[in-house]
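A quick write-up on the structure given underneath.
To find a chain, count down the sequence lines: A is the first, B the second, and so on, and within it residues start at 1. Note that these values count all heavy atoms, side chains included, but never hydrogens, waters or copies made by symmetry.
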Protein chains: 2
Amino acid sequence: MARNDNSVNIENQGERYHHGDLRAALIEEGLKRLQAGPAEALSLREIARNVGVSATAVYRHFPDRAALLGALCLVGDERLADAFAAAMARAKPGLDAFSAMGRAYVRFALANPSLFRLMMSAQVGGLDHGRSRGRDMLARGIAEMSGGRTSKAMQDVRQLRAWSMVHGLAMLMLDGLVPADDAIIARVVDAAVL
Amino acid sequence: MARNDNSVNIENQGERYHHGDLRAALIEEGLKRLQAGPAEALSLREIARNVGVSATAVYRHFPDRAALLGALCLVGDERLADAFAAAMARAKPGLDAFSAMGRAYVRFALANPSLFRLMMSAQVGGLDHGRSRGRDMLARGIAEMSGGRTSKAMQDVRQLRAWSMVHGLAMLMLDGLVPADDAIIARVVDAAVL
DNA sequence: CGACTATGTTTACAGTGATAACATGGCAAG
DNA sequence: CTTGCCATGTTATCACTGTAAACATAGTCG
């Protein structure tokens with residue numbers, strides 16, 4: 001949720017040569033544009049135009065388009081982690097964990113379709129965007145769920161099944177292959193045996 | 001698997017004004033290019049160039065780029081359906097059905113990453129590419145699996161869980177978030193309770 | 001044969017990501 | 001205070017894209 005930690009006055013600086021915090025402004029505009037359309041349709045020039053800056057100014061802050069998308073991914077990951085934290089806080093401990101996390105996962109995807117898809121697309125410039133707070137939380141939450149006296153290998157399989165299920169449901173709904181109905185999410189995620 | 005049902009000699013016609021079957025050639029070249037890179041990187045001009053035809057010739061056979069991609073989707077769907085049919089033929093009837101279909105699904109995705117992603121992306125020009133032989137077969141196979149005396153609603157939920165799981169696993173592996181290991185596929189898909 | 005039509009071509013335009021060379025202005029050292 | 005450095009902007013340019021319009025060719029059918 002953190003928005004502007006840069007202490008620069010964004011208003012009434014239309015005439016300034018130096019923007020103040022162009023990097024943050026570009027990211028913000030990119031996120032805005034990502035709410036309106038897919039990541040493929042996101043053009044550097046349009047972002048720069050909307051921010052009120054020349055197209056090539058972007059390259060002072062990002063080596064290329066992929067790097068800007070990568071920055072957007074990082075923001076998305078923070079938000080996903082926040083959503084997980086909130087969901088976990090509300091959930092009763094124990095078996096509820098998976099339901100809560102799973103619902104949060106799918107809902108996040110539906111609420112931020114382009115951003116979510118971008119975050120999961122991986123070939124964002126080839127970088128595997130290594131550690132991810134969101135994925136770590138998901139893994140921990142699922143591990144807590146399958147806590148019984150099963151073997152480590154079996155836990156891993158269950159964990160992967162769980163992630164696959166929520167990820168697949170999110171993708172199918174995002175792509176319109178399954179209606180994005182909240183009741184359906186609940187029925188699929190709740191009481192899944194795995 | 002069907003390749004050339006057009007009975008036109010593709011060879012030694014380098015000088016012809018009319019191509020013979022340009023539409024098929026464009027699709028074929030598109031599929032080839034899709035094996036080498038993602039669908040976003042697929043350009044009309046490059047396809048036309050490789051086929052040896054001017055860029056705008058494409059528009060005699062497809063209204064726009066999205067339409068060509070749509071045609072590629074149709075081919076992909078046929079191939080997926082073929083893969084399903086082969087898997088079902090090999091599988092013993094009954095509970096094996098889901099394992100066989102699930103493995104075929106994920107393997108198809110891994111074998112044709114860009115094509116699979118394209119097929120599932122839906123916003124291919126806005127058309128929801130309505131009926132799909134591949135999806136129909138998947139649905140029927142899964143329905144056969146969850147055949148017990150459970151309620152219709154419960155069957156639907158299980159069916160959706162199954163599809164979500166294999167779809168999610170395929171996507172996670174495609175995006176490099178889970179190693180694309182055949183043994184992992186087997187462990188996840190087999191003996192899933194759902 | 002002659003016209004029609006399907007299927008090509010050339011030309012043109014607006015938009016894109018990216019590079020190179022140049023301009024500005026804030027800040028720190030002399 | 002002045003000087004110069006350098007981060008951050010700018011303009012100009014290039015190769016590429018999808019697409020539209022106008023023109024050319026050739027196979028087909030009256």
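The residues A:D182 and A:R103 are annotated as not salt-bridged, no charged nitrogen and carboxylate oxygen being separated by less than 4.0 angstrom. Under a 4.0 Å N-O distance rule, the pair B:D181/B:R187 does not qualify as a salt bridge. Taking the charged nitrogens against the carboxylate oxygens, A:E29 and A:K32 do have a contact shorter than 4.0 Å, which makes a salt bridge.
In this structure, the CZ atom of A:F62 is 16 Å from the C1' atom of C:dA18, given to the nearest Å. Rounded to whole Å, the distance from CD on A:E40 to P on C:dG17 is 13 Å. Spacing between atom CG of A:D21 and atom P of D:dA7 amounts to 16 Å, rounded to whole angstrom units. Whole-Å rounding puts the A:L69 CG to C:dG17 C1' distance at 12 Å. The CD1 atom of B:I47 sits 12 Å away from the C1' atom of D:dG18 (whole-angstrom rounding). The nearest whole Å value for the distance from the CG atom in B:L26 to the C1' atom in C:dG8 is 12 Å. Between B:D64 atom CG and D:dT19 atom C1' there is a gap of 9 Å when expressed in whole angstrom units. Taking atom CZ on B:R60 and atom P on C:dT10, their separation rounds to 14 Å, with Å as the unit.
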I need a per-nucleotide contact map over nucleotides 12-17 of chain D, read 5' to 3'. Cutoff is protein heavy atoms under 4.0 Å; write B for the base, S for backbone only, - otherwise.
B----B

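Here the side chains of B:V106 and B:V188 are not in contact, with every heavy-atom distance at 4.5 Å or above.
In terms of phosphate contacts, A:H61 brings no side-chain nitrogen or oxygen within less than 4.0 Å of OP1 or OP2 of D:dA7.
Annotation: A:F98 is not in aromatic contact with A:Y105 [ring centroid separation under 6.0 Å not met].
The main-chain N or O of A:R133 is found under 3.5 Å from a side-chain atom of A:D77 such that the two form a donor-acceptor pair.
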